[in-house]
Amino acid sequence: MKLPFETKTHPFPFLLYLEWLLLFVAAITEFLPSHHKIPRFPLLTILIMVVFGLIGLRLPKGKITNKIIYTGIEIGLILLAASLDKLRLFPFLYLIVVIRSCLIFKLPGQLAISGFAFGLFLITWLNRLYSIKFQMMSEFDQDRLKYAMWSSTLLFALVLAFILMLINALLSERKSRENLTTAHEQLRQYALRIEDQATLQERNRIARDIHDSLGHSLTALNLQLETALKLWSVDPNKAYNFLSEAKRLGSTSLQEVRRSVSALRSDALQGKSLQEAIVSLAEDFHRSTGITPDYNVNLPYSISPDISIAIYRILQESLTNICKYASATQVKIQLLTSATQVILMVEDNGEGFDIDKNTTGFGLQSMRDRTTAIGGKFHIKSSPGEGCQIQASFIVPHLDI
């Protein structure tokens with residue numbers, strides 16, 4: 001059976017346990033002997049304190065009117081208990097009211113309730129002085145009572161101030177933690193969106209490459225084979241030339257498939273070092289085009305995987321573009337290093353292009369994005385008939401020499 005009240009609904013369960021402890025102490029004092037001949041109703045007083053404790057399980061939220069009515073009921077219960085027992089240890093109940101006010105009111109309301117509780121505490125002392133006939137006491141006893149009164153008043157004021165600062169600090173810390181949790185969740189969502197967007201862009205790029213290169217190569221291959229079949233019985237030598245061209249196109253298509261599959265792998269370098277991966281790209285380029293790239297790799301220290309993968313992908317994209325569009329006869333690859341930089345340079349003597357025009361089909365935006373995503377700089381120099389030079393530089397702050 002589920003109870004109508006649960007401690008989990010309280011903002012700070014340990015404060016609720018503190019309230020119960022104070023109420024328990026107050027209840028115990030009801031059974032202590034009293035030196036005053038004043039009618040007492042301990043059971044009724046304890047019942048009031050039980051009701052006072054139960055209403056603390058559900059703090060009001062929303063309208064300020066509900067909060068004021070709730071606080072008024074609390075104070076009314078305290079005053080009722082005070083009328084039955086002359087407020088023996090009811091300062092504990094004032095502290096509980098102040099604790100609850102910190103959880104339901106803003107600072108002005110908290111100060112108002114604290115001031116009201118302090119006023120009730122002073123009234124309690126005055127009633128006690130009146131009930132024990134202060135004027136009929138000896139001067140020594142009067143001094144002792146005055147000292148006790150001022151000491152307890154000062155102590156009560158300090159306790160109120162401590163409660164206000166403590167609970168507001170707890171509330172501030174909780175709000176900061178909630179804000180931090182919210183910000184963390186938002187950052188996580190943003191990171192997932194960025195990751196999904198990056199994945200989508202990469203897939204679109206690969207799909208575009210497959211469509212533009214592999215689709216074109218297979219179409220041309222099919223045309224070469226159809227022509228060879230038509231000429232085979234008429235001119236076998238000419239048909240053989242078409243078959244040779246078809247074989248070359250088939251090899252090119254196979255290289256495109258391998259490159260696309262490699263791009264989809266999580267380990268772009270396939271377990272190789274960057275130097276080995278560059279050599280492998282150069283060999284694949286030679287097999288595809290018959291051109292032997294002139295490459296110079298100077299990498300005396302290891303670099304981070306992010307930079308290594310970026311360099312590999314940029315070089316891969318550059319060689320692919322040269323193979324597809326440049327009609328080059330010479331290709332030069334350089335990987336240069338300095339104390340704080342790694343620089344990749346790829347040059348060709350091909351047809352070149354106008355960099356002011358739309359160059360989306362050349363994959364330049366992809367290379368630029370890869371470079372800038374990890375804080376690098378990307379430069380391209382080209383013009384029609386003058387070949388092309390691509391340079392990507394990366395900062396390497398920590399070297400492992």
Side-chain angles (χ1 to χ4, degrees), residues 201-202 204-206 208-217 220 248-249 251-253 255-256 258-260 262-263 268 274-275 277-299 307-338 341-394:
Q201 290 178 350
E202 183 67 7
N204 289 338
R205 187 190 68 82
I206 295 172
R208 184 173 61 250
D209 286 351
I210 292 175
H211 178 270
D212 293 344
S213 59
L214 184 58
H216 174 76
S217 298
R248 188 191 69 79
L249 290 173
S251 298
T252 301
S253 300
Q255 291 298 324
E256 290 292 339
R258 289 175 176 173
R259 188 188 68 81
S260 299
S262 177
L274 181 57
Q275 295 93 319
I278 291 175
V279 172
S280 178
L281 285 176
E283 292 175 351
D284 290 341
F285 183 79
H286 171 68
R287 285 192 292 268
S288 299
T289 63
I291 301 172
T292 301
D294 179 14
Y295 57 88
N296 175 27
V297 179
N298 178 24
L299 192 62
I307 297 178
S308 296
I309 293 174
I311 291 174
Y312 176 82
R313 290 300 192 197
I314 292 170
L315 177 58
Q316 184 183 53
E317 188 73 30
S318 300
L319 294 178
T320 300
N321 290 340
I322 294 172
C323 178
K324 291 164 59 177
Y325 306 110
S327 300
T329 59
Q330 295 180 357
V331 177
K332 185 176 182 181
I333 303 170
Q334 297 185 78
L335 185 63
L336 309 176
T337 59
S338 64
Q341 273 192 322
V342 176
I343 302 173
L344 172 68
M345 295 182 63
V346 183
E347 300 178 71
D348 68 77
N349 65 344
E351 297 178 357
F353 56 92
D354 187 354
I355 60 176
D356 294 329
K357 294 183 178 180
N358 186 1
T359 56
T360 304
F362 293 91
L364 296 179
Q365 187 61 42
S366 174
M367 291 187 282
R368 182 177 288 105
D369 291 343
R370 287 187 183 278
T371 305
T372 57
I374 53 178
K377 295 181 180 180
F378 183 83
H379 299 283
I380 183 169
K381 180 181 179 181
S382 181
S383 58
E386 299 295 331
C388 178
Q389 181 188 82
I390 290 176
Q391 177 177 317
S393 59
F394 303 90

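Reckoned from all heavy atoms, side chains included, excluding hydrogens, waters and symmetry mates.
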Which atom pairs, one a donor and one an acceptor, fall under 3.5 Å between side chains of residues 376-383 and the rest of the protein, sequence neighbours left out?
residue, atom, partner, partner atom, Å
Ser382, OG, Phe353, N, 3.1
Ser382, OG, Phe353, O, 3.3
Ser382, OG, Gly387, O, 2.8

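Asn349 and Gln330 make their closest contact through OD1-N, 2.9 Å (heavy atoms, listed as atom of the first residue, atom of the second, distance). Between Ile333 and Leu344, the shortest heavy-atom distance links the atoms CG2-CD1, 4.3 Å. Nearest approach of Arg370 to Ala310, heavy atoms of both residues: O-CB, 4.4 Å. Residues Ala326 and Asp348 approach most closely at CB-OD1, 4.0 Å, considering heavy atoms. Minimum interatomic distance between Leu274 and Ser308 (heavy atoms only, all atoms of both residues): CD1-O, 3.6 Å.
Considering Ile390, Asp369, Ile355 in turn, Ile390 is the only one that fulfils the side chain to side chain contact (heavy atoms under 4.5 Å, CB included) rule with Leu364.
Contact annotation: the side chain of Gln275 approaches that of Leu299 to within less than 4.5 Å [non-hydrogen atoms, C-beta and beyond]. Between Ile322 and Val346, some side-chain heavy-atom pair lies under the 4.5 Å cut-off.
Leu335 contributes atom CG, which lies 5.0 Å from atom CD1 of Ile311 (distance to the nearest 0.5 angstrom). Note that CE of Met345 is 11.5 Å distant from OG of Ser318, once rounded to the nearest 0.5 Å. Going from atom CD of Gln334 over to atom CD1 of Ile343 covers 10.0 Å, rounded to the nearest 0.5 Å. In this structure, the separation between OG1 on Thr371 and CD on Gln391 is 10.5 Å, given to the nearest 0.5 Å. Of the inter-residue distances, the one linking Gln341 atom CD with Ile307 atom CD1 reads 10.5 Å to the nearest 0.5 angstrom.
Considering only residues two or more places apart in sequence or on other chains, Thr337 meets the side-chain hydrogen bond (donor to acceptor under 3.5 Å, both in side chains) condition with none of them. Ala282 meets the side chain to side chain contact (heavy atoms under 4.5 Å, CB included) test with Pro293, Tyr295; sequence neighbours excluded.
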